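So the structure is just underneath, and the comments pick up after that.
Each ligand, and each atom within it, is numbered from 1 in the order the structure gives. These figures come from a predicted structure and were not determined experimentally.
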Amino acid sequence: MTSSSNWTIEDAERIYGVSRWGGGYFSVGDNGNLQITPNPDSPDVRIDFKAVLSEIQQKDVQFPVVVRFHDILRSQVARLNTAFADAIEDAGYQGRYSGVYPIKVNQMREVVEEIVYAGKPFQYGLEAGSKAELLAALAMNTNEGSLTVLNGYKDEEFMRLALMGRKLGNRMVVVVEKYSELLLLVRIAKELGIDPIIGVRAKITAKGRGKWESSGGDKAKFGLTIAEIINAARYLKSEGLDHCLKLLHFHIGSQLTDIRSVREAIAEGGRIYAELHKMDFPLQYVDVGGGLGIDYDGTASTNDSSRNYSIQEYVSGIVNGMKEVCELEDVPHPDLVSESGRAITAHHSCVVTQVVGEIRSNSSGVETSAADDEHIIVSNMRDIAENPLLNGDDRRAMQQAFNDASHYKEQALDAFKLRVLSLEELAKTETLYWQIMQRLHTYYADEDFIPDELQEMAHSLSSQYLCNFSVFQSAADTWAIDQLLPVAPLTRMNEKPNVSCSLVDITCDSDGKIDQFAVGREITQVLPLHELKAGEPYFVGLFLTGAYQDVMGDMHNLFGRLNEVHIFSYDDDPEDFYVEEVVHGSSVKDVLTIMQYNPQAMASDVKRMIDRQVAEGNIKPREGVQWTDFYEACINGYTYLKPQKP
Ligand SMILES: *Cc1c(COP(=O)(O)O)cnc(C)c1O
């Protein structure tokens with residue numbers, strides 16, 4: 001490891017891996033601040049995160065804050081569509097790409113609006129998986145020539161809405177997830193006299209690897225078996241609607257970690273398409289679903305939180321795979337649809353939280369000087385602590401100190417239980433023990449190899465940084481499915497970080513923590529961060545939260561939605577950006593109302609209690625008014641901590 005004097009931003013880059021997970025959008029600046037290049041095609045437009053923080057503070061927006069970079073959304077839409085256009089051209093592929101954005105990944109209106117806007121030149125559409133999403137997609141998808149793909153389980157109203165979309169000139173594709181939906185759709189289409197565009201979702205045996213493996217395979221929740229697909233096609237023919245069968249759909253899971261599963265799915269799905277074609281059902285589209293992964297941990301591997309391929313590889317795997325099948329089978333190349341959500345939205349938003357305190361285990365001890373008649377266990381522990389070898393760099397002496405100290409610590413506890421050691425002596429022994437561990441910790445921090453038993457000790461010595469946010473609201477997947485999200489300080493990356501810590505949130509739940517980090521190329525339980533300085537707020541960013549995390553949070557402990565700041569890049573601005581919009585998060589009043597409270601009634605109840613105390617002379621009238629106002633101000637305020645002004 002590097003000593004603090006020759007610490008460089010390259011070291012910071014190595015530890016935090018910013019450019020490995022940053023997708024070309026994030027980097028460490030020479031000044032040690034995190035930088036954003038929202039459009040990698042215009043590398044001169046660079047936003048310094050510190051300038052964003054200052055603007056947030058100037059506007060009096062309280063932390064924690066979600067920061068959205070709208071340009072990143074646009075860049076990702078262009079990136080995916082351009083990758084398909086390029087691969088199609090390179091391969092001489094005959095079909096076109098007609099992608100859709102699945103709005104369940106981030107349904108925020110501003111996000112969907114931006115994606116539709118950015119997708120206009122590409123005829124990029126939307127995907128909806130529920131009635132509410134369909135209602136949104138119907139109103140939001142204004143891109144001419146684009147598709148609106150409708151997945152998920154459907155009822156009669158759903159079918160009517162889809163057919164209404166047809167009537168309005170939209171290319172709404174109803175994807176049949178189970179056989180009975182087809183009968184329902186045909187009945188309503190005939191009743192209304194509107195031709196639907198019908199897709200069928202195939203259960204295919206190719207499985208994604210990773211956390212979403214069960215989305216594919218025989219036991220998948222959605223989709224028709226091969227036999228059902230054939231029956232569906234024949235049924236449509238018998239109803240005179242076979243010309244409406246236009247799309248074959250499959251989706252083998254989200255965050256596909258291994259490119260091989262994509263290839264397998266294309267090979268299998270392509271064969272089904274080709275066979276249907278030969279059976280005289282010439283489908284126009286093959287929809288390969290979602291699954292394009294994000295490299296959250298920066299390892300470019302088949303780790304659950306990574307993927308072993310690039311966007312270009314993914315896209316060319318689809319285009320070339322489909323071309324190969326079609327040429328072997330001598331059928332036309334279908335138009336290609338994909339439903340990438342995670343890849344479009346993950347990078348564009350992050351959560352900024354302030355570290356509001358440090359929780360240190362074993363930081364305080366008792367006075368440890370020798371007493372006249374102290375027990376030998378205490379003296380033995382002191383001998384280790386005072387051994388000059390402990391300040392040297394003899395590896396074997398360190399290991400021995402660890403072994404001996406651990407032994408005496410256990411003995412001390414036994415002796416205490418047997419009433420041989422007093423409470424005070426136990427406290428002395430433990431204090432000395434932690435002093436030894438602290439010293440060992442410092443020694444091993446500069447070593448490449450740390451034995452297992454000592455690694456555990458390092459973890460128990462590490463600090464916890466208390467961060468003003470809720471894991472359940474802002475990073476639900478880190479709790480629910482152990483998703484790793486990149487974490488990095490926003491400033492001071494030109495200083496050596498010398499506190500190893502995990503992050504804990506402000507909920508009263510011991511699960512409210514983040515203790516999985518990508519450090520270098522390892523997954524560790526602690527992250528090196530900087531020492532807190534009095535009077536200088538320290539901010540940490542939780543990145544790649546734009547997919548799922550933004551919208552899946554819950555109100556555990558009544559912590560509500562976050563304040564949001566929407567950033568647009570702007571070359572003519574001295575800081576290269578402006579805040580286009582501040583969206584205020586939930587107030588206490590908002591979250592209480594959702595839980596069926598009546599905040600107004602609560603305020604008058606509390607006022608009545610105060611008035612009674614005033615009447616009884618326990619509170620002065622002026623003070624009573626102040627308490628009443630204070631209660632009301634808090635009810636109208638933000639649900640998170642209000643850190644003290646320095
Ligand atoms: C969730 C989902 C998607 C989005 O998947 P990503 O991995 O986020 O791209 C696409 N299609 C269907 C059917 C889905 O259920």
Report yes or no: is the cationic atom of Lys178 (NZ for Lys, CZ for Arg) under 6.0 Å from the centre of the six-membered ring of Phe222, at an angle within 45° of the ring normal?
no
For Ser340, the atoms of ligand 1 under 4.0 Å from one of its heavy atoms are 9 (O)
Flag the pair Glu133 and Lys104 as a salt bridge only when some basic side-chain nitrogen lies within less than 4.0 angstrom of an acidic carboxylate oxygen.
no
Could you tell me whether Glu191 and Arg160 make a salt bridge, using a distance below 4.0 angstrom between a side-chain N and a carboxylate O?
yes
Arg187/Glu156 salt bridge by N-O under 4.0 Å criterion:
yes
Find all atoms of ligand 1 within a distance of less than 4.0 Å from any non-hydrogen atom belonging to Asn151, and give their numbers and elements.
13 (C)
Val105 neighbourhood, listing ligand 1 atoms whose heavy-atom distance to it stays under 4.0 Å:
8 (O)
Which protein heavy atom lies closest to atom 8 (O) of ligand 1, and at what distance to 0.1 Å?
Tyr548 OH, 2.7 Å
Lys/Arg N to Asp/Glu carboxylate O, Asp550 vs Arg68, below 4.0 Å:
yes
Among protein heavy atoms, which lies nearest atom 9 (O) of ligand 1, and at what distance?
Gly341 N, 2.8 Å
Salt bridge present between Arg561 and Glu564 (N-O < 4.0 angstrom)
yes
Among protein heavy atoms, which sits nearest to atom 7 (O) of ligand 1, and what does the distance come to when rounded to 0.1 Å?
Ser254 OG, 2.5 Å
For ligand 1, is there an atom lying under 4.0 Å from some heavy atom of Gly291?
yes
Identify, by atom number and element, the atoms of ligand 1 in contact range of Pro102, meaning under 4.0 Å from any of its heavy atoms.
4 (C)
Could you tell me whether ligand 1 has any atom less than 4.0 Å away from a heavy atom of Ala343?
no
Is any side-chain N of the basic residue among Lys120 and Glu144 closer than 4.0 Å to the acidic one's carboxylate O?
no
What do you reckon, does Arg201 have a nitrogen or oxygen under 3.5 Å from a nitrogen or oxygen of ligand 1?
no
Which residue owns the protein heavy atom closest to atom 11 (N) of ligand 1, what's the atom, and how far is it?
Glu339 OE1, 2.5 Å
For Asp505, is there an ion pair with Lys513 - N to carboxylate O distance below 4.0 angstrom?
no
What protein heavy atom is closest to atom 2 (C) of ligand 1, reported as residue, atom name and distance in Å?
Lys104 NZ, 2.3 Å
Per-atom filter on ligand 1: closer than 4.0 angstrom to a heavy atom of Arg342 are 6 (P), 8 (O), 9 (O)
If we check ring pair (Phe, Tyr, Trp, His ring centres under 6.0 Å) with His347, which of these qualifies: Tyr25, Trp21, Phe69, Phe543?
Tyr25
